[in-house]
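Remember, predicted model here, so these are calculated numbers, not experimental data. Note that ligands are numbered from 1 as they come in the structure, with each ligand's atoms numbered from 1 the same way.
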Amino acid sequence: MQTTAVVIGAGHAGLAMSRRLTERSIDHLVLERGEVANSWRTQRWPTLRLLTPNWQTRLPGHDYAGDDPDGFMPVADVVATLTRYARLVGAPMRTETTVRTVRAAPGGFEILANGDVLCARAVVLATGACNLPAIPGVADAIPRSVTTLTPLTYHHPGQLPDGRVLVVGASATGVQLAAEIHRSGRPVTLAAGEHVRLPRTYRARDIFWWLEATGLLAERYDQVDDLTRARHLPSPQLTGTPEAVTTDLNTLTAMGIRIAGRLGRIADGVAQFSGSLANTCALADLKMNRFLTRADQWATTAGLDDELPPPHRFAPTSVDPLTPLELDLTSGEITTILWATGFRPDHSWLDIPVRDRTGRIRHDGGVVTSAPGLYLLGMPVLRTRASTYIHGAAGDSDALAGHLHSYLSSRHR
Ligand SMILES: Cc1cc2nc3c(=O)[nH]c(=O)nc-3n(C[C@H](O)[C@H](O)[C@H](O)COP(=O)(O)OP(=O)(O)OC[C@H]3O[C@@H](n4cnc5c(N)ncnc54)[C@H](O)[C@@H]3O)c2cc1C
C-alpha cells in the first residue's frame with residue numbers, strides 16, 4: 001500500500017500532526033499499536049494527574065472547554081480528551097497496528113506493520129518519549145529479596161509488600177509516588193539527586209502561568225544555552241492535586257518521608273547515597289529563586305504589580321544533618337525499590353542509521369536531516385521548551401508539517 005505520509009503513534013503528538021497534514025491536504029495514515037492515547041491507557045498509574053493545568057491542555061483546533069480550567073486532569077480525562085480530539089481531527093487511522101520496522105526505500109520509506117508493507121514518501125515518528133523506564137546500572141546489584149518496580153509497573157501501593165519503600169528519584173514521578181505510598185501507611189525513603197524545585201503557585205498564579213507568561217516555555221531549541229542539558233533536565237517537582245498543593249522536599253519531610261542523597265552505588269547489598277544532598281538542594285533553591293526573580297521582573301514590566309500579591313520567597317530546603325548515607329538492603333527493612341529515575345523512548349525498530357551511540361535520534365528541531373522525509377515529534381525541548389508538554393505539540397506539528405510540505409513539493413519539482 002502507498003500513502004504520502006505515515007505518522008506512527010496516536011498520542012497527542014501524532015494526532016496534532018494528523019490535523020496539520022489534513023490542513024495541508026497531505027494524504028496520510030496514522031498507525032497505532034493500541035488504541036488512541038495508548039500510553040495513557042496502559043503505561044501510567046491510575047492516580048496520576050497531569051501537572052499542567054487544564055487550561056494549558058490545548059491542541060491545534062482544540063482548547064480546554066470544561067468547567068475547571070485551573071484543575072489538573074486525571075489520566076481517565078486525558079484519555080477521554082484525546083479520544084474526542086481524534087474524532088474532531090478525523091485522523092485516518094489504523095489502530096492495533098504495531099510498526100516493527102521502518103527502513104529507507106526508493107522514493108521514501110518502507111513501513112512493516114502487522115505483516116503488511118506500506119510505502120510512504122515521509123514518515124513522522126510520534127511514538128513518545130517515555131516508552132521505557134530509564135534505570136541506572138546500580139540496579140543490577142540489588143539483592144534478589146527486594147522487589148523492584150518502575151512507574152510502568154506500579155499501579156497502587158497495595159501491590160507492594162509490607163515494609164519500607166525506597167523511591168529513587170525526586171522529580172515529578174518520584175515525589176508523587178513517594179507521597180502516595182507514604183499515605184498508604186508504608187514508610188518511605190526518597191533518594192534525591194539533581195532536581196528542579198518549583199512551587200505549585202506563586203503570587204496567586206499557577207507556576208505554569210508564570211512559565212508561559214515570562215516566555216520561558218517559548219524559548220527555542222536553537223537559542224537554549226546548553227541544549228543537551230535542557231533536553232535531559234529532570235521534570236519539575238510538581239504534582240497536580242485538586243488542592244493545588246506544593247510537593248517539594250520540605251513538604252515530604254513534614255509528612256514523615258525520609259530524604260537521602262542520590263543513590264550512587266550498591267556494594268555487598270548496601271545502598272550508598274551521596275553526601276552532597278545539602279548542596280544539591282541549595283542549587284535547586286537557587287535556581288527556583290532565579291526563576292521567581294525573573295517572574296517578578298516580568299510582572300513589574302508588564303504593569304501587574306498592583307493586581308498581584310507582593311513578591312515573596314519560600315523557605316530553603318531543610319536537610320536533616322543525620323540523613324542516612326547507607327542503607328543495608330539485606331536487612332529486610334527495605335522491601336521495595338521504585339525507580340523513578342526517568343523514561344526513555346524506544347525507537348529500536350527504526351532500521352535507518354540516524355541514532356547516536358546512546359540510541360537517541362539525531363535531529364534538528366525534529367527534522368532528521370540525515371534521512372530527508374523523516375521527522376520526530378513529542379520529544380522534550382524538540383523545538384521549544386514547551387515541546388516537553390502537551391500544548392507544545394501545536395507549534396511543533398505546525399513547523400514540521402510545513403517542512404514536510406516543502407520537502408514533498410521540492411521532490412515533486
Ligand atoms: C508520568 C508522566 C506524566 C506526564 N505528565 C504530563 C503533564 O502533566 N503535562 C504534559 O503536558 N505532559 C506530561 N507528560 C509528558 C507527555 O505529555 C507525555 O509523555 C505524552 O504522552 C507524550 O505524547 P506523545 O504523543 O508524544 O507520546 P505518547 O502519548 O506516548 O503516544 C505515542 C503512541 O505511539 C504508540 N506507539 C509506540 N510505538 C509504536 C509502534 N512501534 N507502532 C505503533 N504505535 C506505536 C503508542 O502506543 C502511543 O499511543 C507526562 C509524561 C509522563 C511519562
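- Looking at Arg186 and Ser184, their side chains do bring a donor and an acceptor atom within 3.5 Å of each other.
- At a 3.5 angstrom cut-off on N or O pairs, Leu377 does not count as close to ligand 1.
- When hydrogens are left out, the protein atom nearest atom 25 (O) of ligand 1 is Ala13 N, 3.0 Å; that is the closest non-hydrogen contact.
- With 3.5 Å as the limit, one finds a donor-acceptor pair spanning the side chains of Thr251 and Asp248.
- With respect to atom 49 (O) of ligand 1, the closest heavy atom belonging to the protein is Glu32 OE1, 2.6 Å.
- Between Thr173 and ligand 1, not a single N/O pair is under 3.5 Å apart.
- Below 4.0 Å from some heavy atom of Gly9 lie the following atoms of ligand 1, by number and element: 33 (C), 34 (O), 35 (C).
- For Thr42, the closest heavy-atom approach to ligand 1 does not fall below 4.0 Å.
- Comparing Thr98, Thr388, Val78 against atom 16 (C) of ligand 1, the shortest heavy-atom distance belongs to Thr388.
- Taking atom 11 (O) of ligand 1 as the reference point, the nearest protein heavy-atom neighbour is Ile390 N, 2.7 Å.
- Ranking protein heavy atoms by distance to atom 42 (N) of ligand 1, first place goes to Val99 N, 2.9 Å.
- For Glu35, no nitrogen or oxygen atom sits less than 3.5 Å from a nitrogen or oxygen atom of ligand 1, counting backbone and side chain alike.
- For atom 4 (C) of ligand 1, the closest heavy atom belonging to the protein is Trp40 CH2, 3.9 Å.
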